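Below is one structure, written out as structure tokens; the observations come after it.
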Amino acid sequence: MVALTMSQKNIVAVIDFGGQYAHLIARRVRELGVHSEIFSWRVKPDELLSNNVKSIIFSGGPNSVYDKKAPKISDETMEFIEKQKIPVLGLCYGHQFISQYYGGKVIQGDQKEYGHTMIQIKNDQNLFKSFGKENKVWMSHGDKISKLPSDFEITASSDNCEIAAFENLERKIFGLQFHPEVVHTDNGMILLSNFILTISNLKKNWSMESYIEQQIKEIRDEVGENRVIIGVSGGVDSTVAAILLHQSIGDRLYCVFVDHGFMRKDEPEQVVKYFKEDLKFANFYRLDAQQTFLKALKGVKDPEEKRKIIAFKFIEAFEAFEKKLTKKHGTFGYLAQGTIYPDRIESAQPSETAAKIKSHHNVALPEKMSLKVVEPLKELYKDEVREVGRLLKIPSELIERHPFPGPGLSVRILGEVTQERLDTLKEVDAIFIGEIKKRDEYNNYWQSFSVLLPVKSVGVMGDSRTYEWTVVLRSVDSIDAMTADWSKIPYETLAVISNRIINEVKKVNRVVYDITSKPPATIEWE
Ligand code: XMP
């Protein structure tokens, strides 16, 4: 795989000890305008060196440092960090790890501490400069440091935790028992800014304007005179990737839209119109594969089986078309993908303990095709991709579009997918989404959609008995899809939607609203 990276990067490494906030820390650093990336706690010195790491933050984590299986950074890496004089900030587990590594002591606290705590600052210089003498912070720990290594100084304490913060200024090592990255800590960004911009002396080098400029140049340098093929879905990631590539190499970019038929009502036509008429891409192709996909799913009820078949058929259709284009126009040098940073991190470092709930990896094209890969968004978080999209003048309707699963409506029809069920769900969903858009509520919710339960129930319409299907309306509020709460859609809105569905969609006589959060449910029903 060919890496296209930001050149000249000076980065902050967030070393992940398995804490839930590693991504949040990296995002906060980027908010300060400095490039940051996440590394495993198994990181080797040469990775830090080759990535030009100039500042390090150790994340929190669920373990106790004295557990046998607790993650520990190797001596080799710790010695390298020290030799290079890279400033280090440890948070929670990271704070305890530093203390233990340098000869201090960590014990189980008599009292666990979760939530808000007031801390008193003992040294208001360096990390705590401009932070205030007393502050509300967010704690989440059972263990605590009972003895500091020699040469380390306590810089803040709370009632329950004497060593709430420490420093060794000469070696530029700092520790915080609390979480400055979460919004519940007042002035947390001041601490991060002091550490990154002042103590580590990093310059602001991360903005989406400069990212676009740099990517366009790097794609050009990398791809040269080659042709590039990309699969687009109408989603924000692949659209932004395609536009960046097009700005870089023009009509040597070929976009293939495999229309599996499971998109929302009228969406495929909108995608085609956008690329061909609005953007005027010369090489944009829609493969109408609806019947192929429906046929392949005939009789299939199991959700994972559906996903597998769709992924397989997608690759098959894409590959066959690539061959056809190759015959006509010559070979492609590269396959472009809209992979974003979380996709990459999650597949590179699968959690050692996580059980597989459902497979989200839609397509694995690179393994199947012997093309080199370009991924112009692979260093960006979703909100950064959206920002790039805005700067590229992509319509806000597309940028703000709710997430949509690769297998589309096929995983929102429980049980077998048939043409009739698909048409029914498209109508229902168009009413639901249309109404919340009309009421300016769409952007209040993170993801809203409908699910068809091919379960029949009895109803009455006019004077007649009905015996038809049930649909579920699902809408959730979330930040990153890892957890979600059901949206509090106003009753009046729900009433209008329900009324319209029952009156306008044949085959449906009951509408229910899903009030389950994630966990224990997942966002999708399959
Ligand atoms: P769950 O249902 O796992 O969904 O809570 C979390 C987020 O992932 C989306 N999702 C998928 N996305 N392929 C995708 O590209 C899939 O197979 C898939 N399944 C779920 C879901 O819509 C939600 O945003």
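All values below come from the heavy atoms of this structure, side chains included, with hydrogens, waters and symmetry mates left out. All values reported here derive from a predicted model rather than from experimental measurement.
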Donor-acceptor check, side chain of [X] to backbone of [Y], threshold 3.5 angstrom: yes or no?
X: T339; Y: K378; result: no
X: R474; Y: I523; result: yes
X: K306; Y: L297; result: no
X: S498; Y: L494; result: no
X: S36; Y: A26; result: yes
X: R252; Y: G224; result: yes
X: N51; Y: V53; result: no
X: N187; Y: I190; result: no
X: T326; Y: E322; result: yes
X: D429; Y: F449; result: no

- Counting only heavy atoms not in L391, do more than 12 sit closer than 6.0 Å to its CG atom? yes

- Should the heavy atoms of other residues, nucleotides or ligands under 6.0 Å from NZ of K437 be counted, would the total exceed 12? yes

Tell me the closest heavy-atom pair linking [X] and [Y], and the distance in Å.
X: A317; Y: L287; answer: O-CD1, 3.8 Å
X: K54; Y: S200; answer: O-CB, 4.3 Å
X: S478; Y: A484; answer: CB-CB, 3.9 Å
X: K280; Y: E277; answer: NZ-O, 2.9 Å
X: N10; Y: N205; answer: O-ND2, 3.1 Å
X: Y93; Y: P71; answer: OH-O, 2.6 Å

- Evaluate the ring planes of Y254 and Y285, with Trp represented by its six-membered ring, and classify them as parallel (under 30°), tilted (30 to 60°) or perpendicular (over 60°). parallel

- Query: What is the ring orientation for H35 with W206, classed by angle as parallel under 30°, tilted 30 to 60°, or perpendicular over 60°?
  - Reply: parallel

- Item | Verdict with reasoning, Y381 to H23, per side chain to side chain donor-acceptor pair (under 3.5 Å) | CA-CA 9 Å; Y381 284 104; H23 274 293; 2.7 Å; yes

Are [X] and [Y] side-chain neighbours, meaning at least one heavy-atom pair lies under 4.5 Å?
X: F284; Y: V232; answer: yes
X: H179; Y: L24; answer: no
X: V240; Y: L380; answer: no
X: S475; Y: Y513; answer: yes
X: C92; Y: Y21; answer: no
X: E379; Y: E384; answer: no
X: F262; Y: V417; answer: yes
X: D514; Y: V451; answer: no

- State which residue, out of V228, I216, N226, fulfils the side-chain contact (heavy atoms from CB on, under 4.5 Å) condition with I249. V228

- Check step by step if side-chain contact (heavy atoms from CB on, under 4.5 Å) holds for T77 and F39. CA-CA 12 Å; T77 299; F39 292 79; over 6 Å; no

- Message: So, using salt bridge (charged side-chain N to carboxylate O under 4.0 Å, His left out) as the criterion, who are the partners of K426 when residues are at least two apart?
- Response: none

If you measure from the Lys or Arg side-chain nitrogens to the Asp or Glu carboxylate oxygens, is any gap between [X] and [Y] under 4.0 Å?
X: K301; Y: E526; result: no
X: D477; Y: K488; result: no
X: R439; Y: E435; result: yes

Nearest 0.5 Å, what's the [atom1]-[atom2] distance between [X] and [Y]?
X: S207; Y: E209; atom1: OG; atom2: CD; value: 4.5 Å
X: I56; Y: L89; atom1: CD1; atom2: CG; value: 11.0 Å
X: L192; Y: E31; atom1: CG; atom2: CD; value: 9.5 Å
X: L452; Y: E427; atom1: CG; atom2: CD; value: 12.5 Å
X: I489; Y: I515; atom1: CD1; atom2: CD1; value: 12.5 Å
X: R307; Y: E305; atom1: CZ; atom2: CD; value: 12.0 Å

- Task: Dump the intermediate steps for side-chain contact (heavy atoms from CB on, under 4.5 Å) on I501 and L473, then the final yes or no.
- Result: CA-CA 11 Å; I501 291 171; L473 306 180; 4.0 Å; yes

- Item | Within 45° cone of Y211 ring axis and under 6.0 Å: R30 NZ or CZ | no

- Applying side chain to side chain donor-acceptor pair (under 3.5 Å), name anything that partners H246, two or more places apart in sequence or on another chain. D251

- Message: Checking I340 against D343 for the side-chain contact (heavy atoms from CB on, under 4.5 Å) test, could you report, in this order, the C-alpha distance in whole Å, the side-chain angles of both residues, the deciding distance, and whether it holds?
- Response: CA-CA 6 Å; I340 67 171; D343 300 338; 3.6 Å; yes

- Between the side chains of E222 and Y334, does any donor sit under 3.5 Å from an acceptor? yes

Could you pull out every donor-acceptor pair under 3.5 Å between side chains of residues 398-415 and any protein atom, sequence neighbours left out?
| unit_1 | atom_1 | unit_2 | atom_2 | d |
| --- | --- | --- | --- | --- |
| E400 | OE2 | R390 | NH1 | 2.9 |
| R401 | NH1 | E267 | OE2 | 3.1 |
| H402 | ND1 | S448 | N | 3.0 |
| H402 | NE2 | Y442 | O | 3.0 |
| H402 | NE2 | Y445 | O | 2.9 |
| S410 | OG | P407 | O | 2.8 |
| R412 | NE | E524 | OE1 | 2.9 |
| R412 | NH2 | E524 | OE2 | 2.8 |

- Begin with the C-alpha distance, continue with both residues' side-chain angles, and end with the deciding distance and a verdict on side-chain contact (heavy atoms from CB on, under 4.5 Å) for L32 and F195. CA-CA 11 Å; L32 289 169; F195 179 67; over 6 Å; no

